[in-house]
Protein chains: 2
Amino acid sequence: MDLSQRKQKILKAIIDEYIGTAEPVGSRAISKKDDLGLSSATIRNEMADLEDMGYLIQPHTSAGRIPTDSGYRFYVDSLIERYKMSVEALEKLNMIMAERVNHLELIIKKASLIASTLTEYTTVVTSPKLNGSVIKKLELINLGHGSVMILVVTKTGIVKNQSVAVTLSDKQASELTKIISDRVSGLSSDELTFDVIKDIEKTAKKKADIPPKVLINILNFVYETIDSLDETEIYVNNAKSILSYPEFSDTKKAREMLEFLDNKENLVKLIGTPKDNVDVKIGTENEFTELENSSLVTVNYKVGDKVVGRIGVIGPKRMNYAKVIASLDCISNQVDKILGEMYREESEE
Amino acid sequence: MDLSQRKQKILKAIIDEYIGTAEPVGSRAISKKDDLGLSSATIRNEMADLEDMGYLIQPHTSAGRIPTDSGYRFYVDSLIERYKMSVEALEKLNMIMAERVNHLELIIKKASLIASTLTEYTTVVTSPKLNGSVIKKLELINLGHGSVMILVVTKTGIVKNQSVAVTLSDKQASELTKIISDRVSGLSSDELTFDVIKDIEKTAKKKADIPPKVLINILNFVYETIDSLDETEIYVNNAKSILSYPEFSDTKKAREMLEFLDNKENLVKLIGTPKDNVDVKIGTENEFTELENSSLVTVNYKVGDKVVGRIGVIGPKRMNYAKVIASLDCISNQVDKILGEMYREESEE
DNA sequence: TGTTAGCACTCACCTCTTTCGAGTGCTAAC
DNA sequence: GTTAGCACTCGAAAGAGGTGAGTGCTAACA
């Protein structure tokens, strides 16, 4: 059954009020808002209807109403007003994003920081999953006394390094660097199969004088390092903000939430897979019970047309959805633009 | 005035009890501990004396006593028992530290993680301030389309990189890499003065065909990157643990503390400068009011004889000092050993 | 002279009761 | 259909005792 215009207005007024105060909303509070000139009695009748329909509940008989998850859902789907980003917010966003950086990670960290600054909620972002970063440079650096560093740089400016406990001479290191580098640079990380590694092993055996055991050890680590280029990283920002909300005035709850936010696996599950562009999950719509009193808003960000990562905001169910959605939308657009440019450059070459 | 043996025993018993329960300690509770066969009345008299001397206070007339800051101070200085690390703890420590790593930062992060695991309090560590990491490798990598990455690796395996928005050809990049690298590798970071940079500029102008503006821009960033090798980093671990303690059951207090722990400047001030080997600061002994209900235990860690960084544990005033001190002592010894080895290798070469 | 039993006293905390008021639903009148 | 009015509900705040863990002090004892 559809909601009458009036019911919608009332529901919206109630949720707006509740988002601001976190207190059950009474009929009088709504009737005093003069936009709809109705008495509290009328509002009461309508509220009773809305409760029957499952959009509101009373925490106890003599209290006002608070929205249910379906109430919020209806609000988010149909009632929400377009939030106009403030000029200052937009300026801030543009300013921070304008500094040009060539580290994908840095861009994403920035985006996360901006999101948490604009919304004042906790943000969670995944680093771009590019599946095929092109290797620009690979080098073995002899650190001396039994350890060699493997260093890989991609065209997009990702740097990974790892130490291996093997002994090489400087000459061996540079020979091997050349052999591996020749075969590997220009390759994308997913083109580096075990066959390629085998291939390198053969060449190295012929050309360089390195004990087979050492060689295999190094090549394994090379594979690992390059493989790790595509690993999804997760960054959490402003987790402490949850302590500002009455929903978490119980430290035990707060601690559980912080522990949840510390667990990368949870978070990957939570926001790891691409969904609709702007995705809102309210309370129990989330797959984790830890979030049954929270909401999660996520957006994708893309390179070209391909979704490569996500930015999410976690806050209390009564979060300012309009603002969060608008902010994330802006931010993801900016990120798309910047990554788009970087990507275009890469494919042009 | 000195404390009689008996008073010391009683004070110790009270503080031990309070550390466990966080509740004011009454005379009966102490007299029931049969180690000193005294009636509660006697204990009461002694407690009254200890209160007069400033080691204890009563939160209110009809409550037990709790230690004052001076009480804790006396406890820490004179009464504390040597804590015997459990075999499991030592094993864990050895196991984690045994994996050999050549990244200074990784070692320190590990140490911090272990400290927070062993003590269950928040840990704060500073990265090693070596003042003179020796540069092993410096490279300019042309990422194409107006950006060049500067990459520096030290002998100890620190990797720093930064992008500059300039356009170079691959040839120019490799020429310049050679010029800079020749002059700079083997140098320690504090030997890289502006004079050296000027020197490089001159050489580059002669040998390479690079617009002066671009050159200066790049060299500035090179300087900056190398300079940043010696920056102190601060890592905080397990900050959320404060939520477990009744001292922070008020979320406002907890939030303030978490904000304090987020502010790197505060933390650098707090633990940045070397002090006695094991340093305990109780409550108001700390220079920050945010810590007036907390205690801070710090240890130095060294390379050879030189103190290069510190590890600290922040917890409630009624923390388990014996355990924390013992744990930190162990950890710093381990770190000293590992860093000592790394350093020896470096100077041998 | 140090120790202890005994006792009066204090005061936070708990529980029980009361009051208060914000909110409701229902009914009758407009 | 809307609204004024009223009885009703019930959580939260305020008040009133009661309880008990703690104290300090005194007097008696070894």
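Protein chains get the first letters and strands the later ones, always in sequence-line order, with residue 1 at the start of each. Just so you know, these numbers use all the heavy atoms, side chains as well, and skip hydrogens, waters and symmetry mates. Quantities reported herein were computed from a predicted structural model and do not represent experimental measurements.
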Find the distance [X]:[atom1] to [N]:[atom2] and express it as a whole number of Å.
X     : N      : atom1 : atom2 : value
B:I43 : D:dC25 : CD1   : P     : 17 Å
B:L50 : D:dT23 : CG    : C1'   : 15 Å
A:R28 : C:dG21 : CZ    : P     : 14 Å
B:D49 : D:dC25 : CG    : P     : 11 Å
B:I30 : D:dA21 : CD1   : C1'   : 14 Å
B:D52 : D:dC25 : CG    : P     : 10 Å

For residues 252-261 of chain B, run the donor-acceptor check on the side chains, cut-off 3.5 Å, and write out each pair with its distance to 0.1 Å, sequence neighbours left out.
| from | atom 1 | to | atom 2 | distance (Å) |
| --- | --- | --- | --- | --- |
| B:R255 | NE | A:S244 | OG | 3.4 |

(request) Would you give the length of the straight line joining atom CG of B:D69 to atom CD1 of B:I282, rounded to the nearest 0.5 angstrom? (result)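 If we round to the nearest 0.5 Å, B:D69:CG and B:I282:CD1 are 7.0 Å apart.
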(request) Working to the nearest 0.5 Å, report the span between CG of A:N286 and CD1 of A:I271. (result)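 Nearest 0.5 Å value for the CG-CD1 distance: 12.0 Å.
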(request) Could you note down all residue pairs passing salt bridge (charged side-chain N to carboxylate O under 4.0 Å, His left out) where residues 261-278 of chain B supplies at least one of them, sequence neighbours left out? (result) A:K240-B:D262
Expected output: side-chain [X] to main-chain [Y] donor-acceptor under 3.5 Å:
X      : Y      : result
B:S116 : B:L113 : yes
A:T68  : A:Y55  : yes
A:T126 : A:R310 : yes
B:D77  : B:F74  : no

(message) Give me the stems containing DNA chain C, sorted by first residue, counting only three or more consecutive Watson-Crick or G-U pairs with both distances under 3.5 Å; say none if there aren't any.
(response)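 Detected stem regions: C:1-30 with D:1-30.
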(message) For DNA chain C, which residues of residues 57-66 of chain A approach it to below 4.0 angstrom with any heavy atom?
(response) A:Q58, A:T61, A:S62, A:A63, A:G64, A:R65
So which protein N/O to nucleotides 2-6 of chain C N/O distances come out below 3.5 Å?
| from | atom 1 | to | atom 2 | distance (Å) |
| --- | --- | --- | --- | --- |
| C:dT3 | OP1 | B:R6 | NH1 | 2.6 |
| C:dT3 | OP2 | B:R6 | NH1 | 3.0 |
| C:dT3 | OP2 | B:R6 | NH2 | 2.8 |
| C:dT4 | OP2 | B:S39 | N | 3.2 |
| C:dT4 | OP2 | B:T42 | OG1 | 2.6 |
| C:dG6 | O6 | B:R44 | NH2 | 3.3 |

(request) Give the minimum heavy-atom separation between B:Y121 and B:G315, together with the two atoms involved. (result) CD2-CA, 3.9 Å
(message) If only side-chain N and O atoms count, and only distance matters, is there a donor-acceptor pair under 3.5 Å linking A:T122 with A:S241?
(response) yes
(request) Strictly below 4.0 Å, heavy-atom distances to any atom of DNA chain D: list the hits from residues 16-26 of chain A, or just say none. (result) none
(message) If we check side-chain contact (heavy atoms from CB on, under 4.5 Å) with B:R318, which of these qualifies: B:I19, B:N293, B:T21, B:I15?
(response)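 The side-chain contact (heavy atoms from CB on, under 4.5 Å) with B:R318 is passed solely by B:I19 among B:I19, B:N293, B:T21, B:I15.
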(message) Tell me whether the count of non-hydrogen atoms from other residues, nucleotides or ligands lying under 6.0 Å of CZ in A:R73 goes above 12.
(response) yes
(message) Salt bridge or not between A:K317 and A:E247? Use side-chain N to carboxylate O under 4.0 Å.
(response) no
